[in-house]
Asker: 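The structure that follows is given in the form of structure tokens.
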Amino acid sequence: MKISKSFIPTLKEVPADAVIPSHVLMIRSGMVRMVSAGIYSFLPLGYKVIRKISEIIREEMNAIGGQEFHLPALNPKEIWEATNRVEAFGDTMFHIKNRDYVLAPTHEEIMTFHAKGVLKSYKDMPQIWYQIQTKFRNEPRPRSGVIRGRQFLMKDAYSFDTSLEGLDKSYELHDKAYRNIFDRCGIKYFIVGASSGAMGGSKSEEFMVQSDAGEDTVAYCENCGYAANIEVAKSVIDPVKRDDVGKEVYEISTPDVKSIDELCEFLKIDERETAKSRIYIHDGKPVLILMSGNDDVNESKLELVLGGNVRSAHPEELSDITGADAGSIGPIDFKHRIIADLRLKGGNNLYSGANKNDYHVGGIDLERDAPKTEYFDLRSIESGEKCTRCDSELAVFKAIELGHIFKLGTKYSEGLGANFVDENGEEHPIIMGSYGIGVERVLACYLEQNHDDNGIIWDNTLAPFHCHLIGLNMKSELISGTCEDIYTTLQKKGYEVLFDDRNDVSAGFKFNDADLLGLPVQIVVGERNLKENMIEIKERRNNEKQKISLDDLYQKLEELLK
RNA sequence: CGGGGCGUAGCGUAGUCCGGUUAGCGCGCCUGCUUUGGGAGCAGGAGGUCGCAGGUUCGAAUCCUGCCGCCCCGACCA
């Protein structure tokens with residue numbers, strides 16, 4: 001491709017709206033342009049990369065027996081009503097105004113619709129069906145460029161099996177395929193066990209990439225590979241101490257002391273000697289949550305313990321429930337359920353609120369003074385805490401979800417009546433799995449991990465072109481003639497070449513554009529070297545330049561672009 | 001949906017507080033000449049409903065009201 005004839009609108013300046021590196025680079029290198037919040041056009045260069053990623057996905061999916069579909073984005077609403085997901089998605093689903101259609105945010109329903117009545121016998125399975133298509137979700141806040149859009153490209157696959165063992169096998173196949181895909185794309189990722197949320201089903205794993213632009217927080221142990229979403233992550237519990245001599249409960253006047261920090265300051269004690277109380281409402285009933293010191297309640301863990309949704313009590317509800325306002329609430333004589341973090345188990349001589357404004361109590365022994373207290377893991381873990389598996393230090397950081405594999409079960413086959421008949425003539429719902437990859441996220445994550453101050457650093461696998469041929473002064477016939485020869489020869493040899501043949505652009509401009517676009521190898525043809533029949537070759541990954549003979553070019557390229 | 005910021009030429013921005021020439025600058029774009037190993041030089045040129053709609057005023061990019069859009073934080077997130 002000759003740059004003089006192509007549409008690759010690079011930008012020298014950083015666009016005001018782009019914040020994270022991948023977004024900046026995609027815009028600056030002319031891969032995408034935004035049309036509206038969370039809605040992007042892929043320009044030729046960006047689309048070339050998307051196609052390369054898609055092709056890798058396709059190859060790996062086909063290798064495990066996947067068959068590609070092309071499905072409608074426009075779906076009759078009633079199919080989605082059969083599985084109750086119009087309600088489940090709520091405002092996240094786009095609705096068509098002048099007909100009862102919705103824009104598909106994913107494709108479980110449509111795939112199941114096609115399975116119904118066709119996968120009739122156990123002999124018809126297993127099957128793996130997939131598609132690589134655009135999905136639509138009315139995200140309240142699109143962000144980070146293509147990482148969270150209202151319209152995005154997703155590969156999703158569905159497996160159909162007759163037994164849980166069969167599902168296990170399909171799941172394992174996808175797990176392997178996903179590792180191959182991300183490995184081939186050159187992305188550094190890790191795998192997190194996760195809850196499957198609104199998708200339903202049991203086991204699921206997320207393929208994650210560490211990034212400050214991520215929307216999930218995860219804990220990761222580099223030593224043993226333990227990885228978990230912060231919502232469920234565990235660390236070794238460091239319990240509060242238990243003194244040999246237990247005091248009796250006594251009341252302390254603590255005027256204007258509200259926070260744990262103020263209490264510690266006032267009494268000259270350590271925060272580990274305190275038990276913080278938070279009131280939550282669950283099923284309309286108040287529950288007192290006790291945490292050590294300033295530890296925060298992890299509401300996801302709390303919901304797992306209690307089952308169903310919880311909310312923290314409104315300030316005006318507190319005194320009805322406890323007799324005191326926030327800052328003076330505690331477990332002693334509390335009339336409702338008490339749940340404490342495991343850290344507090346066995347602790348004594350603790351300080352907490354007195355359920356009377358401006359008073360606290362000391363000398364609390366939870367086992368003695370609040371014997372009905374239940375103990376659970378309720379706190380969010382932090383970086384530096386010990387891994388429960390190997391006692392190494394855990395890291396807690398943000399991550400982007402690239403892919404997600406679920407064991408769905410029968411939610412959709414039951415909802416839509418997709419049944420099969422087994423060996424004994426009995427009818428059962430098909431057992432399904434669901435497996436997604438955010439295709440644009442693969443691109444964004446790759447860029448997050450592979451760039452420097454000057455621009456992108458492509459590997460040969462995903463690079464939109466293999467090499468960047470730069471003719472420095474195209475008005476020189478020697479240079480332009482040589483470049484044309486190289487260009488033609490390289491193409492004949494099967495390389496994808498981007499040829500900067502512009503004759504009105506200075507050398508520095510071309511170099512900087514080349515670094516920005518980041519193709520793996522730059523071939524620089526300039527008058528100075530060409531006089532000696534030499535050209536320069538630069539590897540973008542390490543910016544190493546070498547002067548080589550024109551005759552050695554093709555062999556050198558073969559080495560570099562293996 | 002809550003908090004904060006922003007909206008001026010294709011891109012990046014000054015001017016807005018304190019209303020008053022022809023809305024300024026850099027990049028990019030067009031023409032010509034020169035230039036070609038790290039974002040060239042000179043000369044000339046084009047390009048603006050100052051987000052939209054009302055209002056105040058002799059006069060509005062600037063003040064007031066409403067709306068829209070975009071970014072960041074939070075809530076939400078298969």
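Quick note: numbers below take in every heavy atom, side chains included, and nothing from hydrogens, waters or symmetry partners.
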Asker: Answer yes or no: is there an ion pair linking A/E544 with A/K538, defined by an N-O contact shorter than 4.0 Å?
Answerer: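 A/K538 and A/E544: not salt-bridged.
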Asker: Can you tell me how far P of B/G74 sits from CD of A/E299, to the nearest Å?
Answerer: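 Whole-Å distance recorded here is 15 Å.
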Asker: Figure out the CG/P separation between A/L43 and B/G10, and round it to whole Å.
Answerer: 17 Å
Asker: Take atom C1' in B/A75 and the same atom in B/C1, then report the distance between them in whole Å.
Answerer: 8 Å
Asker: Please list, chain by chain and in numerical order, all residues satisfying side chain to side chain donor-acceptor pair (under 3.5 Å) with A/Q127, sequence neighbours excluded.
Answerer: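 Side chain to side chain donor-acceptor pair (under 3.5 Å) list for A/Q127, sorted by chain: A/Q67, A/W129.
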Asker: Please give the distance between the P atoms of B/C76 and B/C70 as a whole number of Å.
Answerer: 22 Å
Asker: Restricting to pairs with a member in residues 66-84 of chain A, which pass salt bridge (Lys or Arg N to Asp or Glu O under 4.0 Å), not counting sequence neighbours?
Answerer: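 Matches after skipping sequence neighbours: A/R58-A/E68, A/K77-A/D100.
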Asker: Using the C1' atom as the point on both nucleotides, what is the distance between B/U8 and B/C52, in whole Å?
Answerer: 14 Å
Asker: Taking the side chain of A/E13 as heavy atoms from C-beta outward, which of B/G26, B/C72, B/C70 is closest to it?
Answerer: B/G26
Asker: By side chain to side chain donor-acceptor pair (under 3.5 Å), which residues pair with A/E539, not counting sequence neighbours?
Answerer: none
Asker: Under 4.0 angstrom, heavy atoms only, what part of the nucleic acid is A/S36 near: base, sugar-phosphate, or nothing?
Answerer: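 Touches sugar-phosphate only.
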Asker: Any idea how A/F136 and A/F94 line up, ring-wise: parallel (<30°), tilted (30 to 60°), or perpendicular (>60°)?
Answerer: perpendicular
Asker: With heavy atoms under 4.0 Å as the rule, sort A/M93 into base, sugar-phosphate or nothing.
Answerer: nothing
Asker: Check whether A/F152 forms a cation-pi arrangement with A/K135 (NZ or CZ under 6.0 Å from the six-membered ring centre, at most 45° off the ring normal).
Answerer: no
Asker: Counting primed atoms plus P, OP1 and OP2 as sugar-phosphate and everything else as base, spell out the protein contacts along nucleotides 34-44 of chain B at 4.0 Å heavy-atom distance: B, S or - for each nucleotide, 5' to 3'.
Answerer: -BBBBBS----
Asker: Round to the nearest Å and state the distance from A/R150 atom CZ to B/C76 atom P.
Answerer: 18 Å
Asker: Within this structure, what is the NZ-to-P distance between A/K398 and B/C72, rounded to whole angstrom?
Answerer: 13 Å
Asker: Rounding to an integer number of angstrom, what distance separates B/U16 and B/G51 when you compare their P atoms?
Answerer: 15 Å
Asker: Look only at the side chain of A/N138 and the backbone of A/D91, and say whether a donor-acceptor pair between them is shorter than 3.5 Å.
Answerer: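 The answer is yes, because a donor-acceptor pair under 3.5 Å joins these two groups.
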Asker: For A/V14 and A/E215, find the nucleotide of RNA chain B closest to each by heavy atoms; which residue's nucleotide sits nearer the 5' end?
Answerer: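 By nearest-heavy-atom nucleotide position, the 5'-most residue is A/V14.
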Asker: Among residues at least two apart in sequence or on other chains, which ones pass ring pair (Phe, Tyr, Trp, His ring centres under 6.0 Å) with A/Y47?
Answerer: none
Asker: Expressed in angstrom and rounded to an integer, what is the separation of A/I27 atom CD1 from B/G10 atom P?
Answerer: 17 Å
Asker: Sequence neighbours left out, what pairs pass salt bridge (Lys or Arg N to Asp or Glu O under 4.0 Å) with at least one residue falling in residues 3-19 of chain A?
Answerer: none
Asker: For B/A60 versus B/G20, give the span between their C1' atoms, rounded off to a whole number of Å.
Answerer: 10 Å
Asker: Nearest-Å distance, CD1 (A/I39) to C1' (B/C71)?
Answerer: 16 Å
Asker: Apply ring pair (Phe, Tyr, Trp, His ring centres under 6.0 Å) to A/Y220 and list each qualifying residue two or more places apart in sequence or on a separate chain.
Answerer: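 Counting only residues at least two positions away or on another chain, A/Y220 forms a ring pair (Phe, Tyr, Trp, His ring centres under 6.0 Å) with A/F190.
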Asker: Would you please name every residue forming a salt bridge (Lys or Arg N to Asp or Glu O under 4.0 Å) with A/E414, sequence neighbours left out?
Answerer: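 In terms of salt bridge (Lys or Arg N to Asp or Glu O under 4.0 Å), with neighbours along the sequence ignored, A/E414 is linked to no residue.
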Asker: Output a table of nitrogen or oxygen pairs between the protein and nucleotides 1-7 of chain B separated by less than 3.5 Å.
Answerer:
none

Asker: Expressed in whole Å, how much space separates the C1' atoms belonging to B/G54 and B/G48?
Answerer: 22 Å
Asker: Rounded to whole Å, how long is the line connecting atom CG of A/D216 with atom P of B/G74?
Answerer: 13 Å
Asker: Under the salt bridge (Lys or Arg N to Asp or Glu O under 4.0 Å) rule, what pairs show up with a residue in residues 435-455 of chain A, not counting sequence neighbours?
Answerer: A/E215-A/R441, A/D452-A/R540
Asker: Considering residues at least two apart in sequence or located in another chain, which fulfil the ring pair (Phe, Tyr, Trp, His ring centres under 6.0 Å) criterion with A/H23?
Answerer: A/Y40
Asker: Could you tell me how far apart A/R33 (CZ) and B/C70 (C1') are, to the nearest whole angstrom?
Answerer: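 Rounded to the whole Å, the gap is 16 Å.
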Asker: Given a 3.5 Å cut-off on both pairing distances, which stems involving RNA chain B, each at least three consecutive Watson-Crick or G-U pairs, are present, if any?
Answerer: B:1-7 with B:68-74, B:10-13 with B:24-27, B:29-34 with B:40-45, B:51-55 with B:63-67
Asker: On a whole-Å scale, what distance lies between the P atoms belonging to B/C11 and B/C71?
Answerer: 15 Å
Asker: For B/U62 and B/A14, measure between their C1' atoms and round to the nearest Å.
Answerer: 13 Å
Asker: Does A/R143 make a side-chain donor-acceptor contact with the base of B/C71, cut-off 3.5 Å?
Answerer: no
